[in-house]
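Each remark here refers to the structure printed beneath this line.
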Number of protein chains: 2
Amino acid sequence: MRLLGNGQLSPDFDAECRGTREILNRVGDKWSVLLVVILGSGSQRFNELRRALDGISQRVLTSTLRGLERDGLVSRTVRPTNPPQVEYALTQLGTSLLEPVSVLATWAQGHRADVQRARAAYDRAAR
Amino acid sequence: MRLLGNGQLSPDFDAECRGTREILNRVGDKWSVLLVVILGSGSQRFNELRRALDGISQRVLTSTLRGLERDGLVSRTVRPTNPPQVEYALTQLGTSLLEPVSVLATWAQGHRADVQRARAAYDRAAR
DNA sequence: CTGCATCCGATGCGATACTG
DNA sequence: CAGTATCGCATCGGATGCAG
């Protein structure tokens with residue numbers, strides 16, 4: 001995280017950011033992180049995930065899984081049975097994401113009260 | 001991060017998540033994290049930030065700052081000069097966010113190549 | 001300089017219906 | 001069971017114009 005002394009961004013910091021952005025987009029979307037966490041406890045099939053997430057639409061679960069798969073975070077293996085069974089699991093890369101995410105989650109849980117208080121104060125003052 | 005053995009979410013894990021979600025939303029939006037990082041190197045005024053971010057519209061910069069301020073991550077101090085000067089700075093809470101974020105950023109930079117390779121492979125196979 | 005108001009296109013997510 | 005197709009709505013972010 002290099003910044004120039006004057007607070008401007010250095011040229012290649014900007015380039016790094018574009019890559020980092022993509023990760024933050026994943027982290028920021030509604031279900032990806034939760035999905036990674038759940039898969040962290042073991043591989044699961046499509047409808048197991050659907051039930052575990054409780055509230056996700058099946059269309060979004062599909063596209064979220066596709067996104068994670070495309071990024072190499074989740075693997076998808078089809079077993080040619082009837083009816084078909086599809087197992088989703090974290091890849092090694094996906095597993096390695098578990099730690100940074102949990103650092104952030106820990107921060108969030110540890111400061112949730114602070115944030116809520118700040119919001120309440122802000123909203124009170126705002127009127 | 002508690003999961004039941006069967007891979008279901010425990011009841012209050014779900015509750016924690018809603019709080020965590022709000023943080024992840026911040027992290028996920030296009031400019032908040034970058035803004036926090038930049039302010040990490042010292043307080044700055046509105047148009048300094050505008051230039052440092054280079055590409056952000058002023059409408060979005062305003063609303064992003066408001067969001068961060070509301071969450072207690074950033075402080076806003078107006079100096080009654082003419083023309084007005086407004087200084088933005090990280091609060092203590094905002095500063096404490098710097099570390100979890102940099103853990104994630106480090107991961108992102110360290111695995112950017114992996115992700116890009118995975119995407120390329122996926123897209124090649126997809127057709 | 002530091003905003004707010006307005007418009008507008010792009011994207012995200014949910015609901016529903018249908019399929020191999 | 002594990003999807004695809006279609007829709008509609010809400011939110012986000014950019015552009016522009018105006019104001020204290």
Side-chain angles (χ1 to χ4, degrees), chain A residues 7 17-18 21-35 38-39 43-71 74-89 122 125-127, chain B residues 7 14 17-18 21-36 38-39 43-71 74-89 122 125-127:
Chain A
C17 281
R18 275 180 254 287
R21 252 310 64 243
E22 300 177 355
I23 303 300
L24 296 185
N25 286 345
R26 282 249 150 282
V27 171
D29 86 41
K30 193 170 178 183
W31 301 103
S32 286
V33 167
L34 193 47
L35 215 31
I38 290 176
L39 287 175
S43 68
Q44 299 211 31
R45 291 173 45 194
F46 187 86
N47 275 348
E48 290 177 325
L49 291 171
R50 191 152 147 59
R51 280 186 294 272
L53 263 56
D54 184 45
I56 193 172
S57 74
Q58 149 268 42
R59 173 202 187 309
V60 173
L61 177 54
T62 300
S63 76
T64 302
L65 286 168
R66 290 290 179 279
L68 292 170
E69 189 194 355
R70 185 167 110 98
D71 284 359
V74 161
S75 67
R76 174 177 181 271
T77 54
V78 181
R79 279 201 296 264
T81 58
N82 189 306
Q85 298 192 353
V86 182
E87 283 271 337
Y88 291 93
Y122 183 93
R127 98 191 49 263
Chain B
D14 209 57
C17 280
R18 275 180 255 286
R21 255 303 70 242
E22 301 178 354
I23 304 300
L24 295 185
N25 286 343
R26 283 247 148 285
V27 171
D29 86 40
K30 193 170 177 183
W31 302 102
S32 287
V33 166
L34 193 48
L35 215 32
V36 167
I38 289 176
L39 287 174
S43 68
Q44 300 210 29
R45 291 174 45 195
F46 188 85
N47 275 351
E48 291 177 323
L49 292 171
R50 190 152 147 60
R51 280 186 293 272
L53 264 55
D54 184 46
I56 193 173
S57 74
Q58 160 262 40
R59 173 200 176 335
V60 173
L61 177 55
T62 301
S63 78
T64 302
L65 285 167
R66 289 291 177 280
L68 293 170
E69 188 192 356
R70 185 167 108 99
D71 285 359
V74 159
S75 68
R76 174 178 182 271
T77 54
V78 181
R79 280 202 294 265
T81 59
N82 190 304
Q85 298 192 351
V86 182
E87 282 270 340
Y88 292 93
Y122 183 93
R127 103 194 47 264

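Just so it is clear: chains get the letters A, B, ... in the order the sequence lines come, proteins before strands, and each one is counted from 1. No hydrogens, no waters, no symmetry mates; every other heavy atom, side chains included, goes into these values.
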Got a sec, which residues hit salt bridge (Lys or Arg N to Asp or Glu O under 4.0 Å) with B:Arg70, two or more places apart in sequence or on another chain?
A:Asp123
Would you sort out whether B:Asp54 and B:Arg51 count as a salt bridge (Lys or Arg N to Asp or Glu O under 4.0 Å), showing the intermediate values?
CA-CA 5 Å; B:Asp54 184 46; B:Arg51 280 186 293 272; over 6 Å; no
Under 4.0 Å between any heavy atoms, over every strand shown, what does A:Arg79 touch: base, sugar-phosphate, or nothing? Just pick one.
nothing
Over its full length, what angle do the end axes of the helix from C:dC1-D:dG20 to C:dG20-D:dC1 make, each axis taken from five pairs and the result rounded to 10 degrees?
40°
To the nearest Å, give me how far apart CG (B:Asn47) and C1' (C:dG3) are.
10 Å
Who passes side chain to side chain contact (heavy atoms under 4.5 Å, CB included) against A:Ser57, sequence neighbours left out?
A:Arg59, A:Val60
Mind checking B:Arg50 for me? I need base, sugar-phosphate or nothing, with any heavy atom below 4.0 Å counting as a touch.
nothing
So which atom in B:Ile38 and which in B:Ala52 form the shortest heavy-atom distance, rounded to 0.1 Å?
CD1-CB, 4.1 Å
Please give me the minimum heavy-atom distance between B:Tyr88 and B:Leu39, naming the atom from each residue.
O-CD2, 3.5 Å
Nt span of DNA chain D in reach of chain B heavy atoms at under 4.0 Å, 5' end first, is D:dG13 to D:dG20
Solution key, residues 80-87 of chain A side-chain donor-acceptor pairs under 3.5 Å, sequence neighbours excluded:
from: A:Thr81; atom 1: OG1; to: A:Arg79; atom 2: O; distance (Å): 3.4
from: A:Thr81; atom 1: OG1; to: A:Pro83; atom 2: O; distance (Å): 2.8
from: A:Gln85; atom 1: OE1; to: A:Arg79; atom 2: NH2; distance (Å): 2.9
from: A:Glu87; atom 1: OE1; to: A:Ser43; atom 2: OG; distance (Å): 2.8

Heavy atoms only: give me the nearest A:Arg66-A:Arg76 pair and the separation to one decimal.
NH1-NE, 3.7 Å
Does OP1 or OP2 of C:dG3 have a side-chain N or O of B:Tyr88 closer than 4.0 Å?
yes
B:Val27 and A:Arg21 have their tightest heavy-atom pair at O-NH2, 3.6 Å
Base contacts versus sugar-phosphate-only contacts with protein, heavy atoms under 4.0 Å: please encode nucleotides 12-20 of chain C as B, S and - from 5' to 3'.
-BBBBB--B
